[in-house]
Amino acid sequence: MIEIIELKKRLNGQLVLKGVNLRIEDRELVAIIGRSGTGKSVLIKHLIGLFKPDSGSIIIDGMDIVRFSTRQLCKIRERFGVVFQGGALFDSMSIYDNIAFPLRERLRLSEKEIEDRVSRALDDVGLLGHEHKFPAELSGGMKKRAALARALVTEPSIVLFDEPTTGLDPITLNAIFRLIKKTHRKYNFTGIIVSHDIPEIFYIVDKVAMLEDGKIVEYGTAEQIQHSSHPVVRQFITGATEGPIEATAL
């Protein structure tokens with residue numbers, strides 16, 4: 001279970017998070033939606049200790065990680081997998097070595113054990129046979145698949161997805177979302193997806209949180225959010241230029 005309580009963070013003099021409250025149950029797949037620049041990525045970076053809040057708590061399985069030492073943070077990060085917006089693959093490494101990298105860094109495994117895990121992860125994302133290629137030789141969708149394989153290869157209990165479908169065409173976008181849903185069912189991880197892809201994101205998640213003006217303004221099932229009467233939520237999911245959010249200010 002992950003619980004965020006009254007989380008506040010100021011960056012460059014601007015209050016980005018103004019008291020975020022959010023509770024995510026074990027093994028749920030949750031989307032965080034909202035306008036660009038509202039602090040979605042800042043929020044998930046707090047979960048792995050890349051940012052320290054000005055105030056508030058982040059409770060993971062009963063422990064407030066905000067008060068953790070650097071050593072404790074490094075330990076809990078081992079429970080996380082992260083799929084970055086651009087994939088963040090190492091250009092100088094083959095796909096095999098990219099996926100094997102966290103295993104070699106975190107775990108004491110034999111090369112045979114690493115090979116078995118990497119092969120299984122490649123198979124899960126449909127990349128078996130491409131392991132000797134380099135990132136520059138892959139399509140955009142294949143890079144996303146490789147990034148997902150690297151995030152899953154350590155079998156994390158929590159996976160963070162920071163806009164995992166950015167830059168993809170509609171067909172590939174839906175294929176990646178289906179793959180995320182498939183691997184979620186297989187690995188039973190708790191997943192948090194930052195996304196602007198409306199309505200596609202609604203079809204794969206259990207819950208949706210809308211972040212606006214530094215706070216969660218509504219949280220519920222995908223169906224509840226799609227039928228929300230909250231004016232900010234309605235405007236965002238319909239893309240209307242008229243409403244409480246001024247289009248001229250965007």
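Ion pairing between Lys40 and Asp162 fails under the 4.0 Å rule for side-chain N and carboxylate O. With respect to Lys215 and Glu6, no salt bridge is recorded, no charged nitrogen being found less than 4.0 Å from a carboxylate O. A salt bridge is absent between Glu115 and Arg117: the closest approach of a Lys/Arg side-chain nitrogen to an acidic carboxylate oxygen does not fall below 4.0 angstrom. Classification of Glu78 and Lys75 as a salt-bridged pair holds, one side-chain N sitting under 4.0 Å from a carboxylate O.
Interatomic distance, CZ of Phe236 versus CD of Glu218, reported as 13.5 Å (0.5 Å rounding). Asp116 CG to Arg120 CZ: the interatomic distance, rounded to the nearest 0.5 Å, is 7.0 Å. The line from CG of Asp124 to CG of Leu152 is 7.0 Å long, rounded to the nearest 0.5 Å. Note that SG of Cys74 is 10.5 Å distant from CZ of Arg106, once rounded to the nearest 0.5 Å. Considering CD1 of Ile32 and CD of Glu163, their distance stands at 11.5 Å, rounded to 0.5 Å. A distance of 12.5 Å separates NZ of Lys143 from CG of Leu127, quoted to the nearest 0.5 Å.
Val118 has its side chain out of reach of Asp97: every pair of non-hydrogen atoms, C-beta onward, lies at least 4.5 Å apart. Residues Tyr219 and Ile24 have side chains in contact (heavy-atom distance under 4.5 Å, counting atoms from C-beta outward). Counting heavy atoms from C-beta outward, Lys133 and Ser94 have side chains that stay 4.5 Å or more apart. Between Ile180 and Pro164, some side-chain heavy-atom pair lies under the 4.5 Å cut-off. Side-chain atoms of Ile2 and Ile192, non-hydrogen and from C-beta on, do get closer than 4.5 Å to each other. At a threshold of 4.5 Å between non-hydrogen side-chain atoms, the residues His46 and Ile58 count as touching. Residues Phe202 and Ile237 are in side-chain contact: their nearest non-hydrogen atoms beyond the backbone lie under 4.5 Å apart. In this structure, Thr221 and Ile225 have side chains that are not in contact, with every pair of non-hydrogen atoms separated by 4.5 Å or more.
Atom NZ of Lys181 is surrounded by more than 12 heavy atoms from other residues, nucleotides or ligands within 6.0 Å. Remark: Glu111 CD is packed, more than 12 non-hydrogen atoms of other residues, nucleotides or ligands lying under 6.0 Å away. In the displayed structure, Lys182 atom NZ is contacted under 6.0 Å by at most 12 heavy atoms of other residues, nucleotides or ligands.
Contact detail for Asp213 and Lys18: the closest heavy-atom pair is OD1-NZ, 2.7 Å. Shortest non-hydrogen contact noted between Pro156 and Ala151 is CG-O, 3.3 Å. The two residues Val20 and Gly214 come nearest to each other via the heavy atoms CG2-O, 3.4 Å. Annotation for Ala149 and Ile99: closest pair CB-CD1, 3.7 Å, computed over non-hydrogen atoms. Considering every non-hydrogen atom in both Val208 and Ala222, the closest pair reads CG2-CA, 3.9 Å. Minimum interatomic distance between Ile65 and Leu73 (heavy atoms only, all atoms of both residues): O-CD2, 3.9 Å.
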| message | Determine whether Ile95 and Leu138 satisfy the following criterion, side chain to side chain contact (heavy atoms under 4.5 Å, CB included), listing intermediate values before the conclusion. | response | CA-CA 9 Å; Ile95 299 308; Leu138 301 184; 3.3 Å; yes
| task | Walk me through it: do Ile245 and Glu212 pass the test side chain to side chain contact (heavy atoms under 4.5 Å, CB included)? | result | CA-CA 10 Å; Ile245 303 171; Glu212 172 63 26; 4.1 Å; yes
| Where do Glu25 and Arg27 land on the salt bridge (charged side-chain N to carboxylate O under 4.0 Å, His left out) test, with the steps shown first? | CA-CA 6 Å; Glu25 300 297 336; Arg27 301 182 181 181; over 6 Å; no
| request: Carefully, step by step, assess Leu160 and Phe80 under the rule side chain to side chain contact (heavy atoms under 4.5 Å, CB included). | output: CA-CA 7 Å; Leu160 307 179; Phe80 283 82; 4.0 Å; yes
| task | Go through Ser57 and Asp64 one step at a time and tell me if the side chain to side chain donor-acceptor pair (under 3.5 Å) criterion holds. | result | CA-CA 6 Å; Ser57 298; Asp64 188 355; 3.1 Å; yes
| task | Start with the C-alpha gap between Ser157 and Tyr187, add the side-chain angles, then the distance that decides, and say whether side chain to side chain contact (heavy atoms under 4.5 Å, CB included) holds. | result | CA-CA 8 Å; Ser157 58; Tyr187 286 90; over 6 Å; no
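Remark: the backbone N or O of Phe134 is paired with a side-chain donor or acceptor of Glu137 at under 3.5 angstrom. Side chain of Asp197 to backbone of Glu200: no donor-acceptor contact under 3.5 angstrom is found. Arg10 places a side-chain N or O within 3.5 Å of a backbone atom of Gly13 that can act as its donor or acceptor partner. With hydrogens and angles ignored, the 3.5 Å screen pairs no side-chain donor or acceptor of Lys9 with any backbone N or O of Ser55. Judged purely by atom type and a 3.5 angstrom limit, Arg234 uses its side chain to pair as donor or acceptor with the backbone of Gln226. A donor-acceptor contact shorter than 3.5 Å links the side chain of Glu113 to the backbone of Ser110.
Met63 and Ile5 are assigned to two separate hydrophobic clusters, defined by single-linkage of ILVMFWY side chains at heavy-atom distances under 4.5 Å. At a threshold of 4.5 Å between side-chain heavy atoms, the hydrophobic network of Ile, Leu, Val, Met, Phe, Trp and Tyr places Leu50 and Ile44 in one connected group. Grouping the Ile, Leu, Val, Met, Phe, Trp and Tyr side chains by contacts below 4.5 angstrom, directly or via other members, places Val66 with Leu11. Under the 4.5 Å side-chain heavy-atom criterion for grouping Ile, Leu, Val, Met, Phe, Trp and Tyr, Ile201 is connected to Val232 within one hydrophobic cluster. Following chains of ILVMFWY side-chain contacts shorter than 4.5 Å, one cannot reach Leu29 starting from Leu47, and the two form parts of different hydrophobic clusters.
Figure legend: Arg79 and Phe189 shown without cation-pi pairing, the cationic atom not lying both under 6.0 angstrom from the six-membered ring centre and within 45 degrees of its axis.
Ring centers of Phe101 and Phe90: under 6.0 Å apart, within the cut-off.
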